[in-house]
Amino acid sequence: MAKKTTPAGHAPPRNSEIADRFDDIATMLDLEGANQFRIRAYRNASRFLRRYGREASDMIAGGEDLAELPGIGDDLAGKIRDLVATGTTSLLDDLRAKTLPVSLNLMRIPGLGPKRIRALVDGLKIRSIGRLRQAAAEGRIRSLPRFGARLEQYLLRMLEERQSKSIRFPLSVAMTAARPLVAHLERGPTISRVVVAGSYRRGLETVGDLDILATAADRKAALDWFTRYGEVAEVRASGTTRATVLLRSGLQVDLRVVAEDSFGAALHYFTGSKAHNIAVRLRGRERGLKINEYGVFRGSRRIGGGTEAEVFAAVGLPTIEPELRENLGEIEAAAAGKLPELVRLKDLKGDLHVHSTYTDGTASIREMALAAKACGLSYIAITDHSRRLTVAHGLDSAGLRRQIAEIDRLNAEDLGIRILKGIEVDILPNGSLDLPDGVLAELDLVVAAVHSAFHLDREAQTRRIERALAHHLVTILAHPTGRLIGEREAYDVDMDRIVRAARAHWVILEINSDPERLDLRDVDCRRAKAAGVPVSIDSDAHQVGAFANLAYGVTQARRGWIEAADVVNTRSLEALLRLLEEKRAGQPAVGASTAA
DNA sequence: GCCGTTTTCGGCCCGACTGTTTTCAGTCG
């Protein structure tokens, strides 16, 4: 028990936490009416940090200059250093001291911004949500300048609902809601084209709302058709070009009806990301062009906008895939002709992480194999759980040998798909594996995974996984960060070190396609690729229908700039078996060509 | 607060919708 703790005795904040503090600063500056561009600087830096692949604290430890990062100058670099060293910075402390908590709470209500909040707080001397609700109930809010009865009623409703609006939906949930809605719109009067844009189209793992674009000869009829959709719970706005509704599921949907000749410009604009759009517009301005959702203009003359390709061409770029549009280097890569050729679902030839009724799957090995074959795959690896995972009836050596025998029999039958023998073996808290080497050596491949002791501190967790990666029989590290989207954060692990260890020991990193996992994360995919570490896009299927999830994994990989050549299971069975053989011999060709 | 083959100062993306007004401020994306 060391009583003496250095200021750095606590774990240094992650980028996401630094970003949270910058967002706090931006919100409080906004409330005090600070310069909008100063506020934007904090929000831009926050957005960058959330998406950046490396931890600022690691960069500081390595003596790197944070002011080299885009949107971060000397001042913000200093504040990041403060936050890393002490957990706070003087500006944040000052703002917290003079900002009323009620104002911060009110900022979470859509429709309320700093001006209205200041009017409420100053005009009515409101100091708590309860008082505000009271004032609204008594009809005192409508008397404020530029407030009225409608706004008062709206506020009252929002306060009653106490809705926190920051709910984001997993992409898979959004897709389930979007498909029937798109079908409804496509049947609508005079509607010709319907595309879901926004973060949905970029394949983000979660989406806040749906942005749908359509073309229609009769805009009003199209918007009416939209607001009358059966799943609509509430129409929040409805104008001449767009409408906003809330579905029963809680998902907010915007429909914008645009002219045919500006469809490409609108699609680009509403696909985002915001950072990408701003960068493209600035590039346009350098060329004397104005780019907005209606087209590309030189002066008042429209020179393009019917297709996205025209928008990109106007700024001298080839079309950039939606998954890359985050202003994280894609524009520079496009300008240099170095855009990646992103992996596609049809490139996958196999699936290296599949369960069966031997443990917690719901279908037999034969059923899983036939289902995979029906999806066009030519091989799968059966990788059931190992004994420690008792909740899943994990296999011991004897059980695994029975499974090996069954797989041999099925392969002898020739089902038209090759079944590889594998295991998803637990990485125990000390980094050893849950089954003896003897039985693991009888398999075609070994998938190792963490399913316990998520709470270990960063150093212990990292060392645990490094040790497993160093095991000569481990082929793949499954769901490397362990996060469950919206449910459980990733365990605390240094992914830079994991990627380095994977490279050193020729271990493949998995992109788990389960829509709850999507793990590797996109930023980690880029790290793996940069280090020359191959990935496998696997379903982790526990039922026959789950091979469809591979599409989510592919989208995740695409967001991580992954190409077919980076993915081991785009290889033919023969090539994959060769790779596994080389790994076993300690000298695989994969990943060996590029230096880390 | 950031940034720079037009700038180290003076810019910073910009249009739609709502609710309040009667020409526009506030908010959002």
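A note on names: the letters A, B, ... follow the listed sequences, proteins ahead of strands, and every chain is numbered from 1.
Between A/Ser238 and the phosphate of B/dC17, there is no side-chain N or O to OP1/OP2 separation shorter than 4.0 Å. For B/dC14, the OP1/OP2 oxygens have no side-chain nitrogen or oxygen of A/Lys290 closer than 4.0 Å. Regarding contacts with the backbone of B/dG1, a side-chain N or O of A/Arg38 is found under 4.0 angstrom from either OP1 or OP2. For A/Thr240, no side-chain nitrogen or oxygen approaches OP1 or OP2 of B/dA16 to under 4.0 Å. Taking 4.0 angstrom as the limit, A/Tyr154 places none of its side-chain polar atoms (N or O) nearer than this to OP1 or OP2 of B/dT20. At the phosphate of B/dC28, neither OP1 nor OP2 sits under 4.0 Å from any side-chain N or O atom of A/Arg242. The side chain of A/Lys115 places an N or O atom within less than 4.0 Å of a non-bridging phosphate oxygen (OP1 or OP2) of B/dG26.
Straight-line distance between the C1' atoms of B/dC17 and B/dG1: roughly 30 Å, to the nearest whole Å. The C1' atoms of B/dT21 and B/dA25 are separated by 10 Å, rounded to the nearest whole Å. A gap of 25 Å separates the P atoms of B/dC14 and B/dC9, to the nearest Å. For the C1' atom pair drawn from B/dT6 and B/dG11, the interatomic distance equals 13 Å after rounding to whole Å. The C1' atoms of B/dT23 and B/dC12 are separated by 27 Å, rounded to the nearest whole Å. Distance check on atom C1': B/dC3 versus B/dT7 gives 10 Å, rounded to whole Å. Taking atom P in both B/dG10 and B/dG19, the straight-line distance is 41 Å, to the nearest Å. Rounded to whole Å, the C1' atom of B/dT27 lies 13 Å from the corresponding atom of B/dT20.
Among B/dG1, B/dT27, B/dA25, the nucleotide with an atom closest to any side-chain atom of A/Arg146 is B/dA25.
More than 12 non-hydrogen atoms from other residues, nucleotides or ligands lie less than 6.0 angstrom from CZ of A/Arg142. When the shell of 6.0 Å around CG of A/Asp74 is examined, it contains 12 or fewer heavy atoms from other residues, nucleotides or ligands.
Ring geometry for A/His184 against A/Tyr229 counts as tilted: the plane angle lies between 30° and 60°, on a 0 to 90° scale.
Looking at A/Arg40, its side chain has no donor and acceptor atom pair within 3.5 Å of the base of B/dC2. No donor-acceptor contact under 3.5 Å links the side chain of A/Tyr269 to the base of B/dG15.
Place A/Arg116 and A/Asn35 on DNA chain B by their nearest nucleotides, and A/Asn35 ends up nearer the 5' end. The residue among A/Arg150 and A/Pro114 whose nearest nucleotide of DNA chain B lies closer to the 5′ end is A/Arg150.
Judged by Watson-Crick or G-U wobble contacts below 3.5 Å, the nucleotide B/dT8 has no partner.
Cation-pi geometry between A/Arg193 and A/Phe263 is satisfied (NZ or CZ under 6.0 Å from the ring centre, within 45° of the ring normal).
Side-chain contact between A/Arg559 and A/Arg521: absent, with no pair of heavy atoms (C-beta onward) separated by less than 4.5 Å.
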